[in-house]
There are 2 protein chains.
Amino acid sequence: MRVLLVEDDTILGPAVRDQVRADGHSVDLVQRLDAAVDHVAVTAYDLILLDLMLPDGRGLIFLQNLRSKGAVTPVIILTAMDQISDRIEGLNAGADDYLVKPFDLSELSARLNAVARRYSGNPNPLIEIGDLTVDLATRNITKSGNRVTLTAREWVMFEAFAQNPGQLFSKTQLEDRLYSFDAEVESNTIEVHISRLRKKLGRDAIETERGMGYRLGPG
Amino acid sequence: MRVLLVEDDTILGPAVRDQVRADGHSVDLVQRLDAAVDHVAVTAYDLILLDLMLPDGRGLIFLQNLRSKGAVTPVIILTAMDQISDRIEGLNAGADDYLVKPFDLSELSARLNAVARRYSGNPNPLIEIGDLTVDLATRNITKSGNRVTLTAREWVMFEAFAQNPGQLFSKTQLEDRLYSFDAEVESNTIEVHISRLRKKLGRDAIETERGMGYRLGPG
DNA sequence: ACATCGTGTTCAGGTTGCTGTAAGGTATAT
DNA sequence: ATATACCTTACAGCAACCTGAACACGATGT
């Protein structure tokens with residue numbers, strides 16, 4: 001697995017790098033965000049370890065840019081104990097996990113291997129639900145062979161369903177995915193989006209559980 | 001996700017509980033620390049929301065005991081604005097996050113989902129009771145292989161039973177789960193819901209203990 | 001600067017089906 | 001035998017939900 005480690009601490013950086021190497025992965029260690037940007041432009045990493053407290057800018061912005069470009073590379077955030085708001089924002093910005101400093105190196109290994117397992121066996125895992133085929137990495141959806149294109153918000157919602165087939169999602173859960181938590185939405189936006197998803201994916205693709213939420217596919 | 005909420009405020013407690021439920025998690029609300037101790041001894045929670053200002057002792061001690069026993073359950077502390085020292089101590093004692101009262105319920109959602117996302121990779125534990133199989137995370141129930149769908153109220157009741165197989169629940173306990181405290185129910189609503197559950201789950205799935213209450217599975 | 005297009009949100013009217021209530025029947029304890 | 005607790009069915013009201021269409025708003029092109 002190819003890992004990019006973004007960490008400016010001269011003690012912690014090499015220590016983490018060595019640990020990850022010991023786990024059998026190849027690591028590139030950079031100390032600044034602009035270097036990180038250069039690296040991700042050139043190399044297709046399987047995982048990014050990102051320190052949020054960097055000298056030359058906010059790591060969050062880097063992460064957001066990455067995600068806005070459609071990158072699905074897993075990102076694990078390294079953060080100090082008192083930067084709690086950063087952690088929250090980080091997860092909302094699209095991080096997959098976080099580690100609180102000081103962290104155990106064995107814990108790092110565990111999370112790393114979890115990610116590796118998730119992404120190793122099948123380079124492009126295809127999810128099949130009914131007549132739908134979903135490629136989460138490339139964001140391609142086909143309905144019985146025909147390509148289906150979703151808008152941004154539609155995808156965010158659909159992704160939740162596709163990643164967890166058969167799981168029930170309440171409206172609040174979906175809202176939390178669509179909007180950062182400061183936004184209050186007092187309307188039926190979710191319903192409308194569901195309606196449009198159904199129009200594209202098939203009338204009975206998503207089922208309603210009245211009073212509880214929605215789910216994709218059978219349990 | 002199973003959440004234990006330790007909060008003695010009779011307004012805030014149910015409000016938080018309802019919000020967390022709306023996010024698709026199952027919540028047990030207790031008002032005292034000794035009750036909290038009992039609950040964690042019995043149930044494996046995925047998250048604990050802990051008010052530090054409780055009548056019968058310091059929440060911090062509870063947290064420290066929990067950690068000294070090796071529990072890694074994430075704990076989010078609910079604390080008043082001026083209890084800054086508590087916050088620091090709380091984090092030192094092993095809390096994962098904190099929320100300052102008064103907090104926005106949507107902010108609570110965000111943090112909750114952050115924790116939930118961390119744990120979403122884990123396989124869902126399946127509960128088996130007789131010919132029933134229950135997945136609390138996805139809200140799926142099957143009766144000897146066939147899918148069973150419950151309504152909102154039915155689910156809230158059934159969840160209580162499924163989480164604590166063999167435990168007796170009085171009608172008042174069930175009412176408290178169904179209705180936000182104040183609501184007066186002057187009829188046989190619980191009996192009707194039990195009847196509907198039995199129709200879906202099997203005539204003898206839930207047994208009656210006359211004058212006492214109901215239970216699911218062997219006593 | 002203006003028009004256009006794509007996308008997201010709000011509104012309104014119609015539909016669905018959950019849920020509390022009541023009423024009548026059944027089981028169980030004393 | 002009587003009282004009490006519980007079961008089941010039916011039904012009406014209303015909240016939850018669906019959806020077409022209008023509106024808002026930024027991005028993009030001319």
Side-chain angles (χ1 to χ4, degrees), chain A residues 65 68-70 139 141 147-161 168-180 182-216, chain B residues 18 21-24 106 139 141 148-161 168-216:
Chain A
N65 285 342
S68 71
K69 284 175 194 156
R139 303 203 169 177
I141 309 174
R147 180 89 181 275
V148 176
T149 59
L150 300 182
T151 69
R153 288 233 147 65
E154 284 165 6
W155 170 260
V156 171
M157 284 187 57
F158 178 75
E159 193 181 36
F161 289 121
L168 190 92
F169 289 90
S170 72
K171 279 198 211 177
T172 12
Q173 273 178 302
L174 296 171
E175 273 173 21
D176 290 342
R177 276 185 89 97
L178 283 185
Y179 316 99
S180 31
D182 47 339
E184 279 292 323
V185 184
E186 290 277 341
S187 75
N188 64 344
T189 312
I190 300 293
E191 292 170 23
V192 174
H193 282 302
I194 289 282
S195 174
R196 287 180 182 160
L197 270 179
R198 284 209 255 247
K199 197 181 274 182
K200 290 184 178 177
L201 303 174
R203 197 62 40 170
D204 51 354
I206 298 170
E207 50 183 296
T208 304
E209 223 125 306
R210 184 174 268 248
M212 303 218 290
Y214 303 89
R215 74 163 37 122
L216 174 69
Chain B
D18 293 346
R21 272 203 192 134
D23 276 338
S106 54
R139 299 207 176 182
I141 308 173
V148 176
T149 59
L150 300 183
T151 68
R153 293 248 133 88
E154 285 164 7
W155 171 261
V156 172
M157 284 187 58
F158 177 75
E159 191 181 42
F161 289 122
L168 192 79
F169 287 91
S170 73
K171 281 192 201 175
T172 348
Q173 277 177 299
L174 295 172
E175 272 172 21
D176 289 346
R177 276 194 163 249
L178 280 186
Y179 311 104
S180 295
F181 256 100
D182 48 351
E184 289 292 323
V185 190
E186 293 272 343
S187 75
N188 59 348
T189 313
I190 299 295
E191 293 169 21
V192 173
H193 280 301
I194 290 283
S195 173
R196 289 180 185 154
L197 271 179
R198 286 210 253 246
K199 191 183 274 183
K200 289 183 178 178
L201 302 174
R203 200 57 48 168
D204 51 354
I206 300 170
E207 48 184 292
T208 305
E209 210 112 316
R210 193 184 172 81
M212 309 289 289
Y214 303 90
R215 76 158 47 104
L216 175 68

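Within every chain, numbering begins at 1; the chains are lettered A, B, ... in the order of the sequence lines, protein sequences first and strands thereafter. The structure displayed is predicted, hence computed values, not measured ones.
Side chain of B/Glu154 to main chain of B/Thr151: a donor-acceptor pair is present (N/O by atom type, distance under 3.5 Å, no hydrogens or angles). Listed for the B/Ser170 side chain is no donor-acceptor partner under 3.5 Å among the backbone atoms of B/Gly213.
In the interface, the side chain of A/Arg153 is not paired with the base of C/dG6 through any donor and acceptor atom under 3.5 Å apart.
Non-hydrogen atoms lying under 4.0 Å from DNA chain D are contributed by B/Arg210, B/Gly211, B/Tyr214, all within residues 209-216 of chain B.
The side chain of A/Glu191 lies closest to D/dC18 when the candidates are C/dG8, D/dC6, D/dC18. The B/Thr208 side chain lies nearest to D/dC6 when the options are D/dC6, D/dT19, D/dT9. Candidate nucleotides C/dT19, D/dG20, D/dC6 were compared by shortest atom distance to the side chain of B/Thr151, and C/dT19 ranks first.
A/Glu191 pairs in a salt bridge (charged side-chain N to carboxylate O under 4.0 Å, His left out) with only one of the listed residues (A/Arg210, A/Arg196, A/Arg198, A/Lys171), which is A/Lys171.
Across the protein-nucleic acid pair, B/His193 atom NE2 and D/dC6 atom P stand 16 Å apart, rounded to whole Å. Rounding to whole angstrom units, NZ of residue B/Lys200 and P of C/dG17 are separated by 12 Å. Atom C1' of nucleotide D/dC17 and atom CD1 of A/Ile206 are separated by 14 Å, given to the nearest angstrom. As a whole-Å value, the separation of B/Tyr179 OH from C/dC18 C1' is 12 Å. In this structure, the CG atom of A/Leu174 is 13 Å from the P atom of C/dT9, given to the nearest Å. Summarising the geometry, the separation between CD on B/Glu175 and C1' on C/dT19 is reported as 15 Å, rounded to the nearest angstrom. Rounded to whole Å, atom C1' of C/dG25 lies 13 Å from atom CG of B/Asn188. Between the CZ atom of A/Arg198 and the P atom of D/dT19 there is a distance of 6 Å, given to the nearest Å.
In this model, the phosphate group of C/dT10 is approached by a side-chain N or O of A/Ser187 to a distance below 4.0 Å at OP1 or OP2. For A/Lys171 and D/dA16, the shortest distance from a side-chain N or O to OP1 or OP2 is not below 4.0 Å. The phosphate of C/dT10 (OP1 or OP2) has a side-chain N or O of A/Thr189 nearer than 4.0 angstrom. Contact annotation: B/Lys199 side-chain N/O to D/dC7 OP1/OP2 distance is not under 4.0 Å.
Counted by atom type alone, B/Thr149 and A/Arg215 present zero donor-acceptor pairs between their side chains at under 3.5 Å.
Within 4.0 Å of B/Arg196, counting heavy atoms only, lies at least one base atom of the nucleic acid.
Side-chain contact between B/Tyr214 and B/Glu207 is absent, with no heavy-atom pair separated by less than 4.5 Å. Under the 4.5 Å side-chain criterion, counting only non-hydrogen atoms from C-beta, A/Leu150 is in contact with A/Val148.
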Requested in this report: Could you walk me through whether B/Arg153 and B/Tyr179 pass the side-chain contact (heavy atoms from CB on, under 4.5 Å) test, one step at a time?
Outcome: CA-CA 9 Å; B/Arg153 293 248 133 88; B/Tyr179 311 104; 4.2 Å; yes
